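One structure is given here, and the rest of the page talks about it.
In listed order, ligands and their atoms are each counted from 1. Computed from a predicted model, the values in this text were never measured in an experiment.
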Amino acid sequence: MSDTVKYLLDEKDMPTHWYNIMADLPEPMAPPLHPGTGQPIGPEDLAPLFPMELIKQEVSTEREIEIPEEVRDIFRQWRPTPLFRARRLEKALDTPAKIYYKYEGVSPAGSHKPNTAIPQAYYNKAEGITKLATETGAGQWGSSLAFAGALFGMEVDVYMVKVSFGQKPYRKALMESYGARCVASPSNETNAGRAILAEHPDSNGSLGIAISEAVEIAATRDDTKYALGSVLNHVLMHQTIVGQEAMKQMEMAGDYPDVVVGCTGGGSNFGGIAFPYLGEKLRNGKDIRVVAVEPAACPTLTRGKFAYDFGDTGHLTPLVKMHTLGSTFIPPGFHSGGLRYHGMAPQVSHVQDIGLIESKSYHQTTCFEAGVQFARAEGILPAPEANHAVRGAIDEALRCKAEGKSETILFNLCGHGHFDMQAYMDYFGGKLEDLDYDEGELAMALAGLPSVAAE
Ligand SMILES: *Cc1c(COP(=O)(O)O)cnc(C)c1O
C-alpha cells in the first residue's frame, strides 16, 4: 500500500443535514436556568442575544436539521474536507493500530470554526441583524466569524483574551483583513471589562471575561447580536458535518473506528466528530470508545464539578449544568488559548456524566512533542489545541502496540498551527512550562458556584 492514503468525498456527498444528538440521548439534559428566578429559561430570554432560528435549534429535539442551501454553497469552497490514513505516523510509532485523521485545517480560517460561523452569520443576517459581537481565545473563532462577516457584509467586533492578543498578533491582523475589529479583553469598552480592570489592572483575561464583554454589547444594542464559537447545543450540532463526512470516508476505507479522539476546549470539534458516532452507538449499539482530551492546566472534564454555573465571569448568561472549574477561575496563560475555558459544553458534560465518553488531560510540552512528531511524519503542523488530540491518538496507538492489538483510531485534526509559530518557537527554545492550575484558586472558584434550588 502507498503511504499517502487520502479519502475524498464528492461535493454531492456533503451532508445536507446536521445531526442533533438530543434525539438519541437516553436521559434528558438538565435545562438552562434563569439566574434570577432559578426557573428554566424560555426562547424569549435568549432573544436579545441570538436570532430565533438559532434559539429554535438550541432547544430542538429533531434528529436532523437541514443545512440551508446558501450555507452549503459557501461550505463547498473547502468541504468535504479530506480524511487521511496516517501511514507514516503508524510506521514511526511501529504500531499495529490504524490511525485516521479528519483534517479541518483546510478551511480559509484554518480550523473547524467556520462550520458554525457561516450558519450563525447567515441566520443573523436573515433576521435583519447588521453586527455581531463575540469573544475569542487563540483567535481562531474571531477570524472565522470575521470571515463569515465579510461574506455576509456584517460588522464583527471581537473581544480577544489579552494573553492571546499578545501571543498571536497575526490572528488580529487576519481578523482586520476580513474587516473585523479586534480588541484586547478585558477592555474598557464595557462595564464587565472595566470592573475586572479596576480590580486586576494586569489581568491576562479569560474566555469567561471576554464572553461577558461581547454579551454586554449584544444585550444593549438592537442591531447587534452575540455569537459563540463553542459550548452551545446549536454550535456542536453545526460541527456534526465533520463526523458525518468522516463516517462516509471511513466507510470508503472499509474501516470502523474502535476509538474516536478529539480535543476539548468548549467541546465543539469533539462533539462534531464524536456525536454522529455516539448516535450510532445509542441507536444500534455499535461498540466504540470516545475519548476527550483536555489540558492539565484547565482540566474541566477531569477535575471540574458537574454543576450549574454561569457561562461567563460577569454572570450575564443563563445558568447551565456542565463540568466547570467555576466561572471566576482564570487558567494560567498556556499556549492553547482555545482550550482555556472554565466550562464545557453541556452536551459533552452530559454524555460524560452518563458514561458514554472518557476524558483525560495532558500537560502542554508532551502535546507539542506529539504535534512535532506528527508534523515530521505527516507534514501538517497542528494547532496547539489539536496537539492534545494528536497526543491522545498517539497514546492509543502506543497502547495498541503494547497490547498487540490492531485497533482503528480516528481523531479530529481540527486546525493547523500556522498562526501559532510563537508557541512552537517557545517549545523549541525550551520555554514552555507545564503549568499547574492553582489548587487554592480552583477550590475558591468551585466554592463560589451558584446554589440552584432545582438541582
Ligand atoms: C477553538 C478551537 C478549539 C477549541 O474549541 P472546541 O469548541 O473545543 O473545539 C480547538 N482546536 C482548534 C483548532 C480551535 O480553533
Side-chain angles (χ1 to χ4, degrees), residues 81 101-117 120 134-147 158 160-161 164 168 171 174-175 207 210-211 227-243 260-275 291-295 298-301 311 322-323 331 334-349 351-352 357 359 361-362 364 367 371 374 380-392 411-420 423:
T81 61
Y101 59 97
K102 177 75 166 156
Y103 185 41
E104 288 296 307
V106 293
S107 81
S111 76
H112 62 292
K113 298 266 178 24
N115 297 332
T116 186
Q120 289 195 46
T134 197
E135 73 293 327
T136 196
Q140 282 126 335
W141 170 242
S143 29
S144 300
L145 196 69
F147 161 52
V158 182
M160 183 167 184
V161 177
S164 297
K168 321 224 146 144
R171 277 284 169 193
L174 182 60
M175 291 178 230
L207 277 167
I211 291 173
L228 185 57
S230 186
V231 180
L232 298 174
N233 300 346
H234 68 266
V235 178
L236 273 62
M237 188 184 74
H238 294 163
Q239 293 297 349
T240 60
I241 192 167
V242 176
V260 176
V261 180
C263 68
T264 45
S268 75
N269 88 83
F270 170 79
I273 193 144
F275 283 2
V291 184
V293 186
E294 64 182 9
C298 189
T300 322
L301 281 168
M322 61 181 174
H323 283 87
F334 57 94
H335 259 301
S336 297
L339 305 182
R340 292 177 71 240
Y341 184 55
H342 70 271
M344 182 52 59
Q347 287 182 335
V348 172
S349 297
V351 294
Q352 171 165 290
I357 66 163
S359 53
S361 69
Y362 290 103
Q364 62 179 355
C367 294
F374 180 84
I380 300 171
L381 189 74
E385 292 82 4
N387 282 343
H388 291 73
V390 176
R391 177 79 268 164
F411 76 94
N412 197 5
L413 186 59
C414 49
H416 67 62
H418 299 176
F419 290 93
D420 304 290

Task: Part of His112 within contact of ligand 1 (heavy atoms, under 4.0 Å) - done: side chain
Open item on the list: Checking contacts here: is it the side chain or the backbone of Lys113 that comes within 4.0 Å of ligand 1, counting heavy atoms only? Could be both or neither.
Closed with: side chain
Task: Under 3.5 Å: N/O of Gly265 near N/O of ligand 1 - done: yes
- [ ] Applying side-chain contact (heavy atoms from CB on, under 4.5 Å), run through Thr264 and Val293 and close with a yes or a no.
- [x] CA-CA 6 Å; Thr264 45; Val293 186; 5.8 Å; no
Open item on the list: Using the rule side-chain contact (heavy atoms from CB on, under 4.5 Å), only one of Val390, Ile380, Ile273 pairs with Tyr101; which is it?
Closed with: Ile380
Task: From Asn269, Val235, Asp420 - option closest to atom 9 (O) of ligand 1 by heavy atom - done: Asn269
TODO: Look only at interatomic distance and state if Ala386 has a nitrogen or oxygen under 3.5 Å from any nitrogen or oxygen of ligand 1.
DONE: no
Task: Backbone of His112 reached by a side-chain donor or acceptor of Gln239 within 3.5 Å - done: yes
Task: Gln352, His342, Glu294 screened by side-chain contact (heavy atoms from CB on, under 4.5 Å) with His323, the one that passes - done: Gln352
Task: ligand 1 contact on Thr264 by region, counting heavy-atom pairs under 4.0 Å - done: backbone
- [ ] Would you mind listing which atoms of ligand 1 come within a distance below 4.0 Å of any non-hydrogen atom of Gln140?
- [x] 13 (C), 14 (C), 15 (O)
TODO: Please could you name the atoms of ligand 1 that Ser230 approaches to less than 4.0 Å, counting only its heavy atoms?
DONE: 6 (P), 7 (O)
- [ ] Would you check the N or O atoms of Gly415, main chain and side chain alike, for any that come under 3.5 Å of an N or O of ligand 1?
- [x] no
Task: Over all atoms of both residues, closest heavy-atom pair of Trp141 and Ala227 - done: NE1-O, 3.8 Å
Task: Protein heavy-atom partner closest to atom 4 (C) of ligand 1 - residue, atom, separation in Å - done: Gly338 O, 3.3 Å
Open item on the list: When you measure from the side chain of Gln120 to the backbone of Leu228, do you find a donor-acceptor pair of N or O atoms at a distance under 3.5 Å?
Closed with: yes
Task: Closest approach of any protein heavy atom to atom 10 (C) of ligand 1, naming residue and atom - done: Glu385 CB, 3.4 Å
Task: Side-chain (His238) to main-chain (Val235) donor-acceptor, under 3.5 angstrom - done: no
- [ ] Under 4.0 Å, heavy atoms only, figure out whether ligand 1 is touched by the backbone of Ser268, its side chain, both or neither.
- [x] both
Open item on the list: Determine whether a donor-acceptor pair (N or O, by modelled atom type, separation under 3.5 Å) exists between the side chain of Asn412 and the backbone of Tyr103.
Closed with: no
